[in-house]
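Below, chains carry the letters A, B, ... as their sequence lines are ordered, and counting in each starts from 1.
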4 protein chains.
Amino acid sequence: MSKVKVGIIGATGYVGVELIRLLNAHPQVELSAIGSNSFVDKSITEVYPSVGIGNDMKCMKNEDVIKNSDLIFTALPHGVSEEFVLQAVKEGKKVVDLGADFRLKDEATFKEWYNVSFIDKKLHEEAVYGLCEHYKDEIKNAKVIANPGCYVTSISLPLMPLLKEKLIKKEGIVADSKSGVTGAGRGLTLLSHYPEINENMVPYKIGNHRHTPEIEQNLTDAAGEPVEIIFTPILAPMNRGILSTIYCDKAEGVTIEKIQNELDEFYKDKPFVDVLPLGQVATVKHVRLSNKCAISVHENKSKIIICSTIDNMVKGSAGQAIQNMNLMLGFDECEGLSTMATAF
Amino acid sequence: MSKVKVGIIGATGYVGVELIRLLNAHPQVELSAIGSNSFVDKSITEVYPSVGIGNDMKCMKNEDVIKNSDLIFTALPHGVSEEFVLQAVKEGKKVVDLGADFRLKDEATFKEWYNVSFIDKKLHEEAVYGLCEHYKDEIKNAKVIANPGCYVTSISLPLMPLLKEKLIKKEGIVADSKSGVTGAGRGLTLLSHYPEINENMVPYKIGNHRHTPEIEQNLTDAAGEPVEIIFTPILAPMNRGILSTIYCDKAEGVTIEKIQNELDEFYKDKPFVDVLPLGQVATVKHVRLSNKCAISVHENKSKIIICSTIDNMVKGSAGQAIQNMNLMLGFDECEGLSTMATAF
Amino acid sequence: MSKVKVGIIGATGYVGVELIRLLNAHPQVELSAIGSNSFVDKSITEVYPSVGIGNDMKCMKNEDVIKNSDLIFTALPHGVSEEFVLQAVKEGKKVVDLGADFRLKDEATFKEWYNVSFIDKKLHEEAVYGLCEHYKDEIKNAKVIANPGCYVTSISLPLMPLLKEKLIKKEGIVADSKSGVTGAGRGLTLLSHYPEINENMVPYKIGNHRHTPEIEQNLTDAAGEPVEIIFTPILAPMNRGILSTIYCDKAEGVTIEKIQNELDEFYKDKPFVDVLPLGQVATVKHVRLSNKCAISVHENKSKIIICSTIDNMVKGSAGQAIQNMNLMLGFDECEGLSTMATAF
Amino acid sequence: MSKVKVGIIGATGYVGVELIRLLNAHPQVELSAIGSNSFVDKSITEVYPSVGIGNDMKCMKNEDVIKNSDLIFTALPHGVSEEFVLQAVKEGKKVVDLGADFRLKDEATFKEWYNVSFIDKKLHEEAVYGLCEHYKDEIKNAKVIANPGCYVTSISLPLMPLLKEKLIKKEGIVADSKSGVTGAGRGLTLLSHYPEINENMVPYKIGNHRHTPEIEQNLTDAAGEPVEIIFTPILAPMNRGILSTIYCDKAEGVTIEKIQNELDEFYKDKPFVDVLPLGQVATVKHVRLSNKCAISVHENKSKIIICSTIDNMVKGSAGQAIQNMNLMLGFDECEGLSTMATAF
């Protein structure tokens, strides 16, 4: 059976290179083209000497990736993807967009947070939000996938089933999310400079991080009524991983056991979400280098506390994108993706 | 002027060795005796080759420290200090206890959380809780100081003035606290084993950490009515530092500016608490290796978010103990203590 | 085609759990039994909550692994493996021993360094030293493989072809090797305690590390005459990886280009050794989480400097063991092993 | 007694801010002026929010620092200091230059390595090389000090007494030096980007690092005849610290004990160099945040191995600069400098 040809637009950022690593191990696709306008005609070896070992594929112009691929991943800053996605769709290709351009359904909200308008409203209507465990059927038939944000994934997965079943109150939800530094990308900034973030911990964009409306869109969709969240992102001295500790209130008459049962039930057949038994705690180690989300549920006085961890570069980015691709192409959902974390 | 002789009981744990480092730089005291029942007759060099360079003081039995010192620091596990403190007080010596034995005023609560009873109730009544910025006058006249817990200090300092002035609601306060690994001490555990906690983040004792009743005692004292807290401690991959992100609700009619002003006002003459201007964020770097607490105030929808950072081994432990000693002995509060963090 | 049943004796140490991770992804074998005398009847989930997710295999007694497996990995401290290996061979099973028991061919040397004698001399004669790139043919027909030490692998791979071709002098070779902390295993020690090794770097066992005679055995075998090495191991604050910087002298009339060419030539068809082009530098990043060894050659005055990096837990341990298994079982040498490092 | 007014030119780099931290704790000087052409009229708080707490000194133009200070530290890239130093000397001020402009005595060598010529040859002749333990008398009378490089200090201190006494051979000396990332400064580079250097180790500038001629100048001066060195710098994932492992050969008839004795003897009255007893190993922990150099001596076959550690920002830079200042101003050599490392 011939392999499906997949290409990456924006291949030389951290998300792009993680896609290369994972696609390289995928048995049913062939990485046919990598695009990078900054490194045209350079081999990936020249950009990432370590990754590139034994892989001398050359970067082409982002535009050229489309015609060389059947399915395209776009890993670009917001506001830049839409044009490429439009072109790809015109040529009958499928797309998984790892940027933010198609994540928010409401144009006004998108404009408010990203200061960019939609170009093609119909395309936005057709694009499917790729949180695989919740929108699987739509994803299977999608042409364009908006791959979810990393923080968003860690927070939405545990909360959506609970809001849908009204087991927790929709008011006063707080998510305190600690992220590894790869989440800030390859671009040089003082915040990601080693001596600045090593032995440090830095909250940032408190109250105005762009993942907020995306989380709220998911929670609102699950609850069937508007839900808001208090979300605080924090940069932590590690390469990979997100730990979100989430605080919420039980609905009237609900016990922690009922909450645990609902999550157990909802995720029992979903290979990439592990709901830990009561008494265990989800840590970043549970998910490193895997496409898993680990969830643990706790109680303290009136509050339910949920620990939710993902590898921000896998389930929070390139891994979930491949999970989406697997669904779009009719492959086994787990193809090429690890369900086992590294112990260290 | 002759220097005051100070001794350390339990000198070879992490708290003890941090006391040695700080006392070594203090111009008005002389480290006269270090006790360690595990290392009697060994020099500190043999236990901490690095610290001990140039300091060949020998460990004596903990019992013997008392008679060799005018003021004694006890750095022992809970349930072990009280006997030494009793003995020291009998001999007319002053004590700063860095353990938990004298922190909780209510014996039933102490017994509930530590499973130990008070030995001498009168001594517990006389002991003063050493949160310097809040109990300065009592500390000056104290014989026995209960030095506050590390998490407790980071959470109590920003909240106490606000609760006292009723600027925030006393219900639903959440503190999500990230701590460096020295907080777990020198004892070998899998959790502190390098490959386990490096590149990891681990919530622990959710809902049952022993600092909870101590935080609540402080908040209740400030508010004048019972206050509870939801407190989640998390181990983070760094040596030193605590970042507490605290979530609370404004009282009716209160603005963030009013909250900021209250903290500015309350701490304006307190050399070890820095309330950052609105718009800045307190990070662990603000306080590393200093005796400072840095506080920043933020707003997100209905919630006030407070970031509060300390160095767990300085303001969270040995530094605050010396600040207490300074007050007890009539020294300048800042003597021997740094108000400037290291930049890296 | 039915899968080959493989078992692990000593499955709950760091090497064992890395074997589990890698074997789990191997398409042609089935992990049939895991042994751990410390955790009999416990599932791997109970020992490594993170790794075990979705894998509830129970530990059996080490003895019982043999009969449940066609090929057995032994991951035990030195002096403990031989008995198990003997038993396995008696039952007609193949073995890859990841400990030190079969690495040294000379019993006197073994006894000198490990203070243990050989039990079955014939078994030692039959055992094949599993440095795959150098002893491939013998490995294919072996019943028992002595899997090389981690430091040994990083130092032997670049030096052996050069000594064989007499391109470098056999006198005065120095290897300064920096290793991640997983190399010290899961056992709790002060040296691996997070606050002790984080922000630190610790040379240890200078002049008496047990990998020394093993390196010298390899170098001597390549040179055809006795070769000694000055080897200094250093613990570094990272989880995985070894960087050996090796200093040696060119033989009369030899240029760096000749050295580079020899390494290029020798390793050109070996999928797990990458000789970088002159001008590039091998770093730990080149090999993380892969089964690769990256080698770069440099010149400074009269000396040749070689940088050689491996992931100590993969090419330095579990990965090379699987590479050996692949050869023994007639599989593709690369089956189940990654040739691409993670970028972060 | 009035304090001496000291200023810093180039105060906002990492070296500058470390000077601020240390001078802030010095009892006999007053930080009178800080210069930074990039941040004129900004307070140090705006550049280093953490360090600046409680210190609202404003940056002035570098030119203006001279007239506001009695002694000036210049912390500038090579080729930029000399003009400022000339001006300062003209105005009768003393200078400690932390850059490279005055370190090399031979202009041809300087030009070869730095591609810059001397401006004022006489000034270069008068400038004193500030390796305090070796040139103390000259330093006391100097107007201009060339503060030694960090790697240079760690390598020269153990080797100079041995070469002077001809206890080791001058041929074939190798230094393999591992440095924390602050050594690369505050400037943003991919090499210092957190996800690139965390969990990594990177040799760089093998054979062409600019500290090489400076080390050789020191060793040659000590030996009384030309000495060359093979020097390999390696970036390691920690903030501070240098560990140099040095390999050399004993001179005919010399024992390790003789070498140990010589170092013991030479450094016995020097407060900032600790020669550890035979059998102990110098680690980065021995010196963190102190102005110490820790040295240990080992033997392996024919080689002597020396481990030498410093904190690159203290003894390797700002601390040694202050030690030089202390000598120049007639203060106690230890004033304001710590001889005790932090344990973590």
Side-chain angles (χ1 to χ4, degrees), chain A residues 171-172 174-180 191 193-209 212 228-232 234-243 245-247 249 281-286 288-289 296-305 307 309 342-344, chain B residues 171-172 174-180 191 193-209 212 228-232 234-243 245-247 249 281-286 288-289 296-305 307 309 342-344:
Chain A
E171 294 83 18
V174 166
D176 190 283
S177 295
K178 285 65 75 172
S179 173
L191 185 56
H193 194 54
Y194 186 91
E196 302 290 327
I197 186 64
N198 182 41
E199 294 291 296
N200 197 5
M201 200 156 286
V202 181
Y204 67 105
K205 293 192 186 158
I206 302 177
N208 57 30
H209 192 283
T212 309
E228 290 188 336
I229 192 163
I230 307 296
F231 165 55
T232 303
I234 299 172
L235 215 60
M238 54 188 184
N239 275 357
R240 289 165 176 265
I242 286 177
L243 163 65
T245 40
I246 304 169
Y247 299 85
D249 294 297
V281 183
T283 73
V284 169
K285 281 269 153 104
H286 277 96
R288 281 198 70 222
L289 272 296
S296 65
V297 181
H298 313 266
E299 193 166 26
N300 187 357
K301 299 184 180 102
S302 67
K303 292 276 181 198
I304 289 296
I305 294 132
C307 298
T309 57
T342 58
F344 33 74
Chain B
E171 293 83 18
V174 166
D176 190 283
S177 295
K178 284 67 73 172
S179 173
L191 185 56
H193 194 54
Y194 186 90
E196 302 290 326
I197 186 64
N198 182 41
E199 295 290 295
N200 197 6
M201 200 156 286
V202 181
Y204 66 105
K205 294 191 186 159
I206 302 176
N208 57 30
H209 191 283
T212 309
E228 290 188 336
I229 192 162
I230 307 296
F231 165 56
T232 303
I234 300 173
L235 215 60
M238 53 188 185
N239 275 358
R240 289 164 177 265
I242 287 176
L243 163 65
T245 41
I246 305 170
Y247 299 85
D249 295 297
V281 183
T283 72
V284 169
K285 281 267 152 105
H286 276 95
R288 281 198 69 220
L289 273 296
S296 64
V297 181
H298 312 266
E299 193 166 26
N300 187 357
K301 301 187 180 99
S302 66
K303 291 276 181 197
I304 289 295
I305 294 132
C307 298
T309 57
T342 58
F344 32 75

* Asked: According to the interplanar angle, ranging from 0 to 90°, do the rings of A:His209 and A:Phe231 count as parallel (below 30°), tilted (30 to 60°) or perpendicular (above 60°)?
  -> perpendicular
Bottom line for B:Ile234: the part with an atom under 4.5 Å from chain A's heavy atoms is side chain
For the pair B:Thr309 (side chain) and B:Ile242 (backbone), establish whether a donor and an acceptor sit closer than 3.5 Å, ignoring hydrogens and angles.
no
B:Glu299 meets the side chain to side chain donor-acceptor pair (under 3.5 Å) criterion, sequence neighbours left out, with B:Lys250
Of A:Arg288, A:Arg240, A:Glu228, A:Lys301, the largest count of non-hydrogen pairs under 4.5 angstrom with chain B goes to A:Lys301
Of the listed A:Ser302, A:Gly207, A:Pro203, A:Ala282, the one with the largest count of heavy-atom pairs under 4.5 Å with chain B is A:Pro203
Interface check, chain B: of A:Cys307, A:Pro237, A:Ser296, most non-hydrogen pairs under 4.5 Å belong to A:Pro237
In terms of heavy-atom pairs under 4.5 Å with chain B, the winner among A:Gly172, A:Pro195, A:Ala343 is A:Pro195
Cut-off 4.5 Å, heavy atoms of chain A, and the answer for B:Leu243 is side chain
Under 4.5 Å to a heavy atom of chain A? For B:Val281 that would be side chain
Does B:Glu199 use its side chain to pair, donor to acceptor, with the backbone of A:Phe344 at less than 3.5 Å?
no
How far apart are the C-alpha atoms of A:Asp176 and B:Lys178, what are their side-chain angles, what is the distance that settles it, and do they pass the salt bridge (Lys or Arg N to Asp or Glu O under 4.0 Å) test? CA-CA 11 Å; A:Asp176 190 283; B:Lys178 284 67 73 172; 3.0 Å; yes
Whatever's closer than 4.5 Å to a heavy atom in chain A on B:Thr212 counts as side chain
By side chain to side chain donor-acceptor pair (under 3.5 Å), A:Lys205 pairs with (sequence neighbours left out) none
Applying a strict 4.5 Å limit to non-hydrogen atoms, the region of A:Ile305 in contact with chain B is side chain
Problem set entry | Donor-acceptor pair, side chain of B:Asn300 and main chain of A:Ile230, under 3.5 angstrom | no
Okay, B:Asn198 and chain A: the region with an atom under 4.5 Å from a heavy atom over there is backbone
So, the part of A:Val174 with a heavy atom under 4.5 Å from chain B: the answer is side chain
Nearest heavy-atom approach of B:Ile197 to A:Lys285 is N-NZ, 4.2 Å
